[in-house]
Number of protein chains: 2
Amino acid sequence: MVSIHDVAQAAGVSISTVSYSLTGKRSITESTRLRVEEAANALGYRANAGARMLKGARTNLLALSAPLHAGTHAPAHMTFVLAVVNAAREYDYDVVLLTQDDATDGLRRVSQSSLVDGIVLLDVSTTDERADLVRELGVPATLVGVPADTDGLVCVDLDFERSAWLAVERLLALGHRRIACIGQSPAIYERGSNFPPRFRDAFIAACEANGVEPVFRACAEDAGSVVRALDDIEAQLGAAPTGLVFQSNEPVQAMALDVLARRGVRIPEDLSVISACSSFDTAHLEPAIDVIPLPAEQSCARAIALTMRQLETPVEPHVELIEPWFVEYGSVAAPPAD
Amino acid sequence: MVSIHDVAQAAGVSISTVSYSLTGKRSITESTRLRVEEAANALGYRANAGARMLKGARTNLLALSAPLHAGTHAPAHMTFVLAVVNAAREYDYDVVLLTQDDATDGLRRVSQSSLVDGIVLLDVSTTDERADLVRELGVPATLVGVPADTDGLVCVDLDFERSAWLAVERLLALGHRRIACIGQSPAIYERGSNFPPRFRDAFIAACEANGVEPVFRACAEDAGSVVRALDDIEAQLGAAPTGLVFQSNEPVQAMALDVLARRGVRIPEDLSVISACSSFDTAHLEPAIDVIPLPAEQSCARAIALTMRQLETPVEPHVELIEPWFVEYGSVAAPPAD
DNA sequence: CTGAAAGCGCTTACAG
DNA sequence: CTGAAAGCGCTTACAG
């Protein structure tokens, strides 16, 4: 590998001049700077990563802890991983990917060996052991997701409570009174998952605050469960709902739409449908469904920005909630006249 | 961060003794070795990554180039990424994840700065610019996938030709004569994709070699296309096929099975179905479908093993094809009596 | 405006 | 069996 000495020799300057020329950390006569840059380019020089790290400077490496438990939707997960990597590149950072197998060991390893400058945690659960670890390690870190105990942590997430209210209020404003929500698989609510319970509780609260019956139904990812969920909802309401909120993964939403279509339910004439906190493209559903997006790009960009800020200066621990927004594809309208 | 000096002081030995104790690169009196290990554990010491790299030793970091073009199936992709990370951990390696945006720039950056010891490329296309880059950089590297020009490269992949033959011969052996294959989206064959054309051509060759009409139909990922593909196949054969091979992604297979079910086609009584080179779990299809798996774990484990071997000793460039195998779920039987 | 030199934290010949 | 010291390739005070 070509070293700083090679470049210095080729440019006829000292190694410190090479370093300063390339980092721009002090002013250099234009002509020599150019000479150095030419030599560096010609030789394909890049500062040795190890040497740069050693100087106690930045390693320009971030750890991304991305466990993939069963029940995590792989495409959604991939979206977040890619969003983190791309956001990190904006700050000239590369990402070391850590997976399930060694969630805490891995984080300990890469931070205690000073391999990484900071950490981003994805898919944070309510009782996430990685949260304690982050507190213990005292490394700059940002969690995407909000654990039960946020003490001392910097967290980013979509505001799921506001998302539920947004969906409910949208339907209420149009005059809907029989509304329901199809949630994630029951298992998701039983283990310490993060946002699904928060969304569910907020959905119920929003309904109650507005004097409509809160009908929420968890739903496993198979055709039978979807049919049963739809039937249960209708039974509980005593009539077909006029507004339906999905807070489930893509296959469940696709299956439910399929069942509704076969039953002759027209969207939005008979039923208004909103897909809440979805990370996939609901415009490709049949029909396209209005969505409150789960914004991977925004969440991850904020997580990276907050991590970068922690590298410069201490950041007050806090939870940053991203305001939800609505994207219309025509699946929401006034309820049918009874 | 705690340094080797802290450990040396705590254990009352020199730093070289600490180093040798921990790396095991020379024999140390049991008692002092124990004392060192205790001190190291108590202090939570890990050798500084930068310093270790600098000594010209291993960085214990691998670059994983995982571009995600449109048309790449995200879950399949995620499976490969995780398989690489997990396989690398077996060798005490961590993985720096590089994505689309800077495929070649990124590889150049991490290898020329000596950040990584080697490279693994995923999702290699026929004319992949990363192949040229690997040749140019001269870094230990393994491609998962086979580009058109494999000169000087180490590649691993499932043997797609053999997979096609395996599927065809399975059906022929049971007496099927009207067989067809539903392939990937047409766009996949037009751009320089890697294995789909290889599979298609081998499927056709296998049919012709056995004197049956080769019916291959590319198919886009929407319900209309699936219906048309099935109809076209029947038209071309002049009758319903008795054997069907999927070489498409999960949604297309699910949609096709759905259409067939609605038409009253029973599997395997009326139609034998094989899912070829699929990375997802075909046991969850309705009905479960026999599969020739696209073995992410095996491919990635081999890719890592081959990269590791290149770190020790030069490895002769070669293409290593993984022998395909068959997993039965009961979707294949003898054809119906005409 | 530029250079010589210290030092980051390791590993590993070189001594003893 | 163990230690003192060189050196990996940078960055950055310190001189001039």
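So you know, we letter chains A, B, ... as the sequences are listed, proteins then strands, and number each from 1. Everything numeric in this text was worked out from a predicted model, so none of it was measured.
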Check your understanding: If you take atom types as modelled and just measure distance, does the side chain of B/R26 reach the base of D/dT2 with a donor-acceptor pair under 3.5 Å?
Key ->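 Present.
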Review point. Looking at C/dT11, does its base get a donor-acceptor pair with the side chain of B/R52 below 3.5 Å?
Key: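 For B/R52, whose side chain was compared with the base of C/dT11, there is no donor-acceptor pair (under 3.5 Å).
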Check your understanding: What nucleic acid atoms does A/S3 come within less than 4.0 Å of, heavy atoms only: base, sugar-phosphate, or nothing?
Key ->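 Here A/S3 touches the backbone only, sparing every base.
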May I ask you to verify if any side-chain N or O of [X] is less than 4.0 angstrom from the OP1 or OP2 atom of [N]?
| X | N | result |
| --- | --- | --- |
| B/S27 | D/dC1 | yes |
| B/S16 | D/dG3 | no |
| B/T17 | D/dT2 | no |
| A/T29 | C/dT2 | yes |
| B/Y20 | C/dA13 | no |
| B/S114 | D/dG9 | no |

Nearest whole Å is fine: how far is [N] [atom2] from [X] [atom1]?
| X | N | atom1 | atom2 | answer |
| --- | --- | --- | --- | --- |
| B/I4 | D/dA6 | CD1 | P | 17 Å |
| A/H5 | C/dA4 | NE2 | P | 11 Å |
| A/Y45 | D/dT11 | OH | C1' | 10 Å |
| B/L54 | C/dG7 | CG | P | 17 Å |
| B/L22 | C/dC10 | CG | C1' | 12 Å |
| B/N60 | C/dC10 | CG | C1' | 14 Å |
| A/L43 | D/dG9 | CG | P | 15 Å |
| A/N48 | D/dG9 | CG | C1' | 6 Å |

Review point. Taking all atoms of both residues into account, what is the closest heavy-atom pair of B/M53 and A/M53, and its distance?
Key: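 For B/M53 versus A/M53, the nearest heavy atoms are CE-CE, 3.6 Å.
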Practice item. Work out which heavy atom in A/T99 is nearest to a heavy atom in B/L82; give both atom names and the distance. Key: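 Taking A/T99 first and B/L82 second, the nearest heavy atoms are CG2-CD2, 3.2 Å.
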Practice item. For B/K25 and for B/G50, find the nucleotide of DNA chain C with the closest heavy atom, then tell me which residue's nucleotide is more 5'. Key: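 Whichever sits nearer the 5' end wins; that is B/G50.
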Check your understanding: If you measure from CG on B/L306 to CG on B/L311, what distance do you get to the nearest 0.5 Å?
Key ->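 Atom-to-atom, B/L306:CG and B/L311:CG are 11.0 Å apart.
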Exercise for review: May I ask which nucleotide in the shown strands pairs with D/dC14, Watson-Crick or G-U wobble, both distances under 3.5 Å?
Suggested key: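 In the structure as shown, D/dC14 has C/dG3 as its Watson-Crick or wobble partner.
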Give the nucleotide from the list [options] with an atom nearest to the side chain of [X].
| X | options | value |
| --- | --- | --- |
| A/S14 | C/dT2, C/dG3, C/dC10 | C/dG3 |
| A/I15 | C/dT12, D/dC8, D/dC10 | D/dC10 |
| A/A51 | D/dC10, D/dT11, D/dT2 | D/dC10 |

**Study point:** Check: B/R198 and B/D157 side chains under 4.5 Å, non-hydrogen atoms
**Key:**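 Yes - at least one pair of side-chain heavy atoms lies under 4.5 Å apart.
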Review point. Do A/Q310 and A/T142 have side-chain heavy atoms sitting under 4.5 Å apart?
Key: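 Of all side-chain heavy-atom pairs linking A/T142 with A/Q310, at least one is under 4.5 Å.
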Check your understanding: A/S31 and A/T29: side-chain donor and acceptor closer than 3.5 Å?
Key ->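 Short answer, no.
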